[in-house]
Amino acid sequence: MLANYLHKGKIEAGCDEAGRGCLAGAVYAAAVILPPNFNCPLLNDSKKIKEKDRYALRDIIEQEALAWAVGVVDEKEIDEINILNASFLAMHRAIDQLTTQPEHLLIDGNRFKPYPSIAHDCIVKGDGKYLSIAAASILAKTYRDDYMLALDQQHPEYGWKKNKGYPTKAHRQAIIDHGQTDYHRQSFRLKTDDLILTS
């Protein structure tokens, strides 16, 4: 069972990101404030949940959360400030948009750039420990997946419908075969030396 809160009586927002390890596309982050008595047995780390269940959970989260928001940092900004800072910025942008101001932040992971005037705790694998972080992981993941599915319509040759921009062997081979798009992160290693040129 995931915990409802870390600090009892405080308005906590869980924060998580999606797309940090991708070769292409923006990084997404979400911030979610759940009611203190929120109960949803299916909710867990988005990586442990089937795709159709993630979208069902997104509907539940958006209906029942006290506040939620999604922040985005595109590939150009990622190349300018690096992916770690971009992940923090995406979380900050999500927090900026919350209609209820949290009193505390629960951050998935071991590092975070402090948000002005709001204390935080970094929690390794927090999306498998706290409901609000798990909820944020669901929103970040599903909204980013929607974005990558839309990009796949423009560039189906990279298999983004399936790999969502992550560095699969097929994705790297497609970069060799077809070159890079404007959506590829130039600051990332896009090719590997062990792939065979097929074109």
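By convention here, the first residue in the shown sequence is residue 1.
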### Message
Between K162 and T168, does the side chain to side chain contact (heavy atoms under 4.5 Å, CB included) criterion hold? Intermediate values first, please.
### Response
CA-CA 10 Å; K162 184 176 180 181; T168 62; over 6 Å; no
### Audit row: L151, Y147, side chain to side chain contact (heavy atoms under 4.5 Å, CB included) steps and yes/no
CA-CA 6 Å; L151 292 189; Y147 157 79; 3.6 Å; yes
### Query
Stepwise, does the side chain to side chain contact (heavy atoms under 4.5 Å, CB included) test hold for L43 with I61?
CA-CA 9 Å; L43 182 55; I61 292 162; 4.2 Å; yes
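A single hydrophobic cluster is not seen to contain both L131 and L98; linkage of ILVMFWY side chains at heavy-atom distances under 4.5 Å, directly or through other members, places them apart.
Taking the side chain as every heavy atom from C-beta outward, K141 and I49 never approach each other to under 4.5 Å. Between N44 and L2 the shortest side-chain heavy-atom distance falls below 4.5 Å. With a 4.5 Å cut-off on side-chain heavy atoms, L23 and P167 count as touching. Two residues are said to be in side-chain contact when any heavy atoms from C-beta on lie closer than 4.5 Å; R93 and V73 meet this criterion. Residues H92 and F112 form a side-chain contact, since some pair of their non-hydrogen atoms from C-beta on lies under 4.5 Å apart. The shortest distance between side-chain heavy atoms of R185 and C22 falls below 4.5 Å. When side chains are defined from C-beta on, C122 does not count as touching R111, because their heavy atoms never get closer than 4.5 Å.
Counting non-hydrogen atoms of other residues, nucleotides and ligands closer than 6.0 Å to OH of Y5 gives a total of 12 or fewer. For D182, the CG atom is loosely surrounded, since the number of other residues' heavy atoms within 6.0 Å does not exceed 12. Counting non-hydrogen atoms of neighbouring residues, nucleotides and ligands closer than 6.0 angstrom, the CD atom of Q101 reaches no more than 12 such neighbours.
D45 is linked by a salt bridge (Lys or Arg N to Asp or Glu O under 4.0 Å) to K47, counting only residues two or more places apart in sequence or in another chain.
A distance of 5.0 Å separates CD1 in I138 from CG in L57, rounded to the nearest 0.5 Å. With rounding to the nearest 0.5 Å, the separation of CD in E62 from CD1 in I60 is 11.0 Å. Interatomic distance, CE of M91 versus CG of L89, reported as 11.0 Å (0.5 Å rounding).
Distance alone, capped at 3.5 Å, is enough to place a donor-acceptor pair between the N163 side chain and the Y158 backbone.
A salt bridge links R58 with D146: the closest approach of a Lys/Arg side-chain nitrogen to an acidic carboxylate oxygen falls below 4.0 angstrom.
Y130 shares a hydrophobic cluster with L6, L106, I123, I133; the chain of contacts runs through ILVMFWY side chains whose heavy atoms sit under 4.5 Å apart.
Remark: the Q173 side chain and the D177 side chain contain an N/O donor-acceptor pair separated by less than 3.5 Å.
The heavy-atom pair separating H171 from W160 by the smallest distance is NE2-NE1, 3.1 Å.
In summary, of the residues considered (K76, Q154, E75, H155), a side-chain hydrogen bond (donor to acceptor under 3.5 Å, both in side chains) with Y183 occurs for Q154 alone.
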